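This one's a predicted model, so the numbers in the text were calculated from it and none came from an experiment. Naming: A, B, ... by sequence-line order, numbering from 1 per chain.
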Protein chains: 2
Amino acid sequence: MTETPDSVTEAPETPNSEVDCLCPLGGVMDLLSRRYAMQLVCVVGAIGPARYGDVEAAFDGVSSSTLSARLDELVEAGILAREQYAEIPPRVEYELTDTGEELRDHLSPLIRWAEELDEGTISRTQE
Amino acid sequence: MTETPDSVTEAPETPNSEVDCLCPLGGVMDLLSRRYAMQLVCVVGAIGPARYGDVEAAFDGVSSSTLSARLDELVEAGILAREQYAEIPPRVEYELTDTGEELRDHLSPLIRWAEELDEGTISRTQE
DNA sequence: CAGAATCCATTCGGATACTG
DNA sequence: CAGTATCCGAATGGATTCTG
């Protein structure tokens, strides 16, 4: 992905020694940078065992392909757990894994803060 | 920037009453979902008054256009403050606003957590 | 119901110039 | 140094359709 010639990926000469906050780009942060990803974690965590339909309804306007992709990525990342019940009306429930819980614990305040900030930015000259 | 045709992007009716964790999509969370956005906030906060070159160096592999766009968006969102000194070697410094500080306060633990998680996922079979 | 598959429009992001 | 402008490939995200 990035460049890894042969030198260390660390900072050969860091401008400041404290700037190591950027993960290698390709990890969890990349997943979270996808659309709805963060909200998805938060939503599933809020609902609890969330069915596909519930999540879809919560987002009100996300295409199934996108939502499906996002769910799949999060499941594969070990953030969500998918349980499929082989019943006649097929039921699938997503819920946060232990890792996902931790993540949600970090995301919740962030999203909340973002919402608050967002409310105060309505009268902003956007263009 | 995003999409603002003329229709409402809001949700007139909330599907579930307990699921309100999803901000209206188009606010700060959307900005943060762009590439490098979160890391950028964290980096600038870590460096302090960060020059463009510093940030660029910190990311090691980001095109100037992308970085510039990201910086611009964050500035316009009131998260970063840009100070331009009209000196002969042009110097521009970015730093977190008060809002940005708050944001970084939320992002730091998240990114840190992500890094830790990322380290344990190296042996993943990714195509 | 839950999603996979397909197709397509949009956008993003990267590389490469080129300025003040 | 600090960007902007442009071009283009790749990826994303959306709508639709179909299936178990």
Side-chain angles (χ1 to χ4, degrees), chain A residues 1-3 15 22 25-26 29-40 43-44 47 49-76 80-95, chain B residues 1-5 7 9 11 15-16 22 25-26 29-40 43-44 47 49-76 80-95 126-127:
Chain A
M1 289 276 197
T2 39
E3 277 268 355
L22 25 107
L25 298 181
M29 289 306 293
D30 248 41
L31 278 184
L32 297 180
S33 294
R34 304 273 161 282
R35 208 162 203 203
Y36 310 120
M38 300 182 175
Q39 289 101 327
L40 192 48
V43 162
V44 173
I47 303 185
R51 277 181 263 173
Y52 182 86
D54 291 344
V55 182
E56 193 174 36
F59 275 97
D60 153 79
V62 195
S63 53
S64 40
S65 47
T66 305
L67 181 58
S68 204
R70 217 61 47 204
L71 281 169
D72 197 47
E73 292 163 11
L74 289 175
V75 166
E76 195 168 328
L80 293 184
R82 195 188 102 125
E83 269 187 82
Q84 180 171 359
Y85 304 90
E87 305 171 354
I88 291 307
R91 185 173 53 147
V92 178
E93 288 184 348
Y94 293 94
E95 55 183 343
Chain B
M1 287 300 191
T2 44
E3 79 294 278
T4 15
S7 323
T9 341
N16 270 331
L22 28 106
L25 298 180
M29 289 307 294
D30 248 42
L31 279 184
L32 297 180
S33 294
R34 304 271 162 287
R35 206 162 204 201
Y36 310 121
M38 299 182 177
Q39 289 101 326
L40 192 47
V43 163
V44 173
I47 303 185
R51 276 181 265 174
Y52 182 88
D54 290 344
V55 182
E56 193 174 35
F59 275 97
D60 157 75
V62 195
S63 51
S64 38
S65 47
T66 304
L67 181 59
S68 203
R70 217 61 44 196
L71 282 169
D72 197 47
E73 292 165 10
L74 290 175
V75 165
E76 196 168 326
L80 293 184
R82 194 188 102 124
E83 269 187 84
Q84 179 171 0
Y85 303 91
E87 305 171 354
I88 291 306
R91 184 173 54 146
V92 177
E93 288 185 350
Y94 293 92
E95 57 182 342
Q126 198 115 28
E127 48 161 359

If only side-chain N and O atoms of [X] are considered, is one of them under 4.0 Å from the OP1 or OP2 phosphate oxygen of [N]?
| X | N | result |
| --- | --- | --- |
| B:Thr66 | C:dG14 | yes |
| B:Arg70 | C:dG13 | yes |
| A:Tyr94 | C:dG3 | yes |
| A:Tyr52 | C:dA4 | no |
| B:Ser68 | D:dT4 | yes |
| A:Arg34 | D:dT12 | yes |

Nearest-Å distance for atom pair [atom1]/[atom2], residues [X] and [N]:
| X | N | atom1 | atom2 | result |
| --- | --- | --- | --- | --- |
| B:Leu67 | C:dG13 | CG | P | 12 Å |
| B:Phe59 | C:dG13 | CZ | P | 12 Å |
| B:Leu71 | D:dA2 | CG | P | 11 Å |
| B:Leu31 | C:dC12 | CG | P | 11 Å |
| B:Leu40 | C:dC12 | CG | C1' | 16 Å |

Discussion item. When you measure from the side chain of B:Arg51 to the backbone of B:Arg91, do you find a donor-acceptor pair of N or O atoms at a distance under 3.5 Å?
Written reply: no
Quick check for you: among [options], whose closest atom lies nearest to any side-chain atom of [X]?
| X | options | value |
| --- | --- | --- |
| A:Val92 | D:dT12, C:dG3, C:dG14 | C:dG3 |
| A:Arg82 | C:dA2, C:dC12, C:dG3 | C:dG3 |
| A:Arg35 | D:dG14, D:dA2, D:dT17 | D:dG14 |
| A:Ser65 | D:dG14, C:dA17, C:dA15 | D:dG14 |

Looking only at heavy atoms, which two atoms of [X] and [Y] are closest? And how far apart?
| X | Y | answer |
| --- | --- | --- |
| A:Glu95 | A:Glu83 | OE2-OE2, 3.1 Å |
| A:Val55 | A:Ala50 | CG2-CB, 3.8 Å |
| A:Val44 | A:Tyr94 | CG1-O, 3.6 Å |
| B:Pro49 | B:Glu93 | CB-OE1, 3.5 Å |

Discussion item. Categorize B:Pro90 for me: base, sugar-phosphate, or nothing, with a 4.0 angstrom heavy-atom threshold over every strand shown.
Written reply: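 If one applies the 4.0 Å heavy-atom cut-off, B:Pro90 turns out to touch a base.
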